Amino acid sequence: MAILTTPLRRTLLVLGLALLGLSWPFIAASRRVLPESSTAGSTSSLFGGLFSFSSMQNLDVNDGGAISLTLDRVGGAGFESRRAFSFGTFSVDAKMPRGYSAGVCATFFLQSGSYDNRDEWDFEFLGSPNNSRGMTLQTNVFMNGQGDQEVLTAFAFDPAAAFHTYAIQWGPQSTVWLVDGVNIRTVSKSSADYPKDPMKVYFSIWDASPWATGPRTARIPVNYEYAPFTVTFKNFKYTPLSAN
């Protein structure tokens, strides 16, 4: 189920970023939150130093190593891996924002390439106008810049009540999305565009009012009266294909 066509989604996001005084590289692939030219902050506490960030704004690292990202009136937050990874399993434990979260999008995704020819494997957590139990899990794929392959999956649990494990198993012949070890989607290689170049890993939370929640003719924007919206990630793991 496509939420918005790729060109329209990109146009809306670029306009929104311009209002914030940000250039397009601030969110590559529609969800990236760190500028290409940014100077990374301290990385010692970000999943063993594998990740970097450009600003501590709305980013918090607790004593146990969990990383919380918050969306409020000031903006969203995110961080990215310091290097790219090849085929393997990427997993993280995550807890979503509680309560009302319409228009909010939290993400965990892999990406390589520039915007126009990017490859991606995505987890997108879409907010709800009711409560966290009503959030929707969206998986998405981009191959050589071609997207519109969204699939929506209803949660079988409240994603804000406890941590759950989300994993992407990326191999040379197929890619699998798993939630708590259960396969929710598989994409098999069917063309030369199937992603093979190493990918970086990204986490973020941002205002996706133009497309995240509600029917196409009646999108529900973020209501900042309910802010802050916080997602927490912990226990990121990468297992190379040869070690699986």
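Start at 1 with the first residue, then count along the sequence. Small disclaimer: the values here were computed from a predicted structure and weren't measured.
If you take CE on Met135 and CZ on Arg98, they are separated by 12.0 Å, rounding to the nearest 0.5 Å. Atom NZ of Lys200 and atom CG of Leu50 lie 12.0 Å apart (nearest 0.5 Å). Between the CD atom in Gln111 and the CG atom in Asp197 there is a gap of 11.0 Å [rounded to 0.5 Å].
Checked against Phe155 for a side chain to side chain contact (heavy atoms under 4.5 Å, CB included), the options Val179, Leu137, Thr136 give a single hit: Leu137. For the ring-ring contact (aromatic ring centres under 6.0 Å, His included) with Phe203, the lone residue among Phe51, Phe53, Phe125, Phe109 that qualifies is Phe51.
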Worked verdict on Asp180 versus Tyr166 for side-chain hydrogen bond (donor to acceptor under 3.5 Å, both in side chains): CA-CA 6 Å; Asp180 292 336; Tyr166 303 89; over 6 Å; no
Derivation and outcome, side chain to side chain contact (heavy atoms under 4.5 Å, CB included), residues Gln57 and Val74: CA-CA 9 Å; Gln57 176 181 295; Val74 175; 3.4 Å; yes
Steps toward side chain to side chain contact (heavy atoms under 4.5 Å, CB included) verdict (Asn140, Gln149): CA-CA 6 Å; Asn140 197 10; Gln149 300 185 54; 4.2 Å; yes
Chi angles and distances behind the side-chain hydrogen bond (donor to acceptor under 3.5 Å, both in side chains) call for Thr70, Thr230: CA-CA 4 Å; Thr70 295; Thr230 299; 2.8 Å; yes
Verdict with reasoning, Asp158 to Ser132, per side-chain hydrogen bond (donor to acceptor under 3.5 Å, both in side chains): CA-CA 6 Å; Asp158 182 345; Ser132 54; 2.8 Å; yes
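Side-chain atoms of Asp122 do not come within 3.5 Å of backbone N or O of Glu124 as any donor-acceptor pair. Formation of a donor-acceptor pair under 3.5 Å by the Trp170 side chain with backbone atoms of Leu241 is not found in this model. In this structure a side-chain-to-backbone donor-acceptor pair under 3.5 Å is missing from Trp177 to Gln169. Not a single donor-acceptor pair under 3.5 Å links the side chain of Asn130 to the backbone N or O of Arg133. Between the Ser128 side chain and the Asn131 main chain, a donor and an acceptor come within less than 3.5 Å of each other. In this structure a side-chain-to-backbone donor-acceptor pair under 3.5 Å is missing from Ser204 to Ala77. With hydrogens and angles disregarded, a donor-acceptor distance shorter than 3.5 Å links the side chain of Thr213 to the backbone of Gly103. The main-chain N or O of Arg82 is never found under 3.5 Å from a side-chain atom of Ser52 such that the two would form a donor-acceptor pair.
For the pair Val187/Trp121, a side-chain contact is recorded, criterion being any heavy-atom separation below 4.5 Å from C-beta on. A heavy-atom distance below 4.5 Å is not found between the side chains of Glu80 and Leu46. Inter-residue side-chain proximity for Tyr202 and Phe79 is flagged as unmet; no heavy-atom pair is nearer than 4.5 Å.
Defined by atom type and a distance below 3.5 Å, a donor-acceptor pair is missing between the side-chain atoms of Asp119 and Asn144. Side-chain N/O atoms of Thr239 and Thr89 include no donor and acceptor closer than 3.5 Å. Residues Ser68 and Thr232 bring a donor and an acceptor atom of their side chains to less than 3.5 Å of each other. Side-chain atoms of Asp93 and Thr165 include a donor-acceptor pair closer than 3.5 Å. Between the side chains of Ser188 and Tyr194, no donor N or O sits under 3.5 Å from an acceptor N or O. Side-chain contact, Ser209 with Asp207: a donor N or O sits under 3.5 Å from an acceptor N or O. Side chain to side chain, Thr186 and Ser174 fail the donor-acceptor criterion of an N or O pair below 3.5 Å.
There is a path of hydrophobic side-chain contacts, each under 4.5 Å, that joins Ile184 to Phe108. There is a path of hydrophobic side-chain contacts, each under 4.5 Å, that joins Tyr226 to Met96. The hydrophobic clustering, which links ILVMFWY residues whose side-chain heavy atoms are closer than 4.5 Å, places Val92 and Phe85 together. Under a hydrophobic-cluster definition in which Ile, Leu, Val, Met, Phe, Trp and Tyr are linked whenever side-chain heavy atoms come within less than 4.5 Å, directly or via other members, Phe87 and Met199 are assigned to the same cluster. The hydrophobic cluster containing Val61 also contains Val231, counting ILVMFWY residues as joined when their side-chain heavy atoms lie under 4.5 angstrom apart, directly or transitively.
The aromatic rings of Trp206 and Trp211 lie tilted to each other, with the angle between the two planes from 30° to 60°.
Figure legend: cation-pi geometry between Arg118 and Phe142, with NZ or CZ positioned under 6.0 Å from the six-membered ring centre and within 45° of its axis. Figure legend: Lys234 and Phe163 shown as a cation-pi pair, the cationic atom lying under 6.0 angstrom from the six-membered ring centre and within 45 degrees of its axis.
Counting all heavy atoms, side chain and backbone alike, Leu178 lies closest to Phe123 at O-CZ, 3.6 Å. When all heavy atoms are compared, the tightest approach of Phe47 to Asn235 is CE2-N, 3.9 Å. The shortest heavy-atom contact between Ala162 and His164 is O-CD2, 3.3 Å. Nearest heavy-atom pair, Pro221 versus Tyr100, reported as atom, atom and distance to 0.1 Å: O-OH, 4.2 Å. Closest approach of Ile205 to Leu71, counting heavy atoms only: CG2-N, 3.9 Å. Residues Gln138 and Leu152 come closest through the heavy atom pair OE1-CD2, 3.1 Å.
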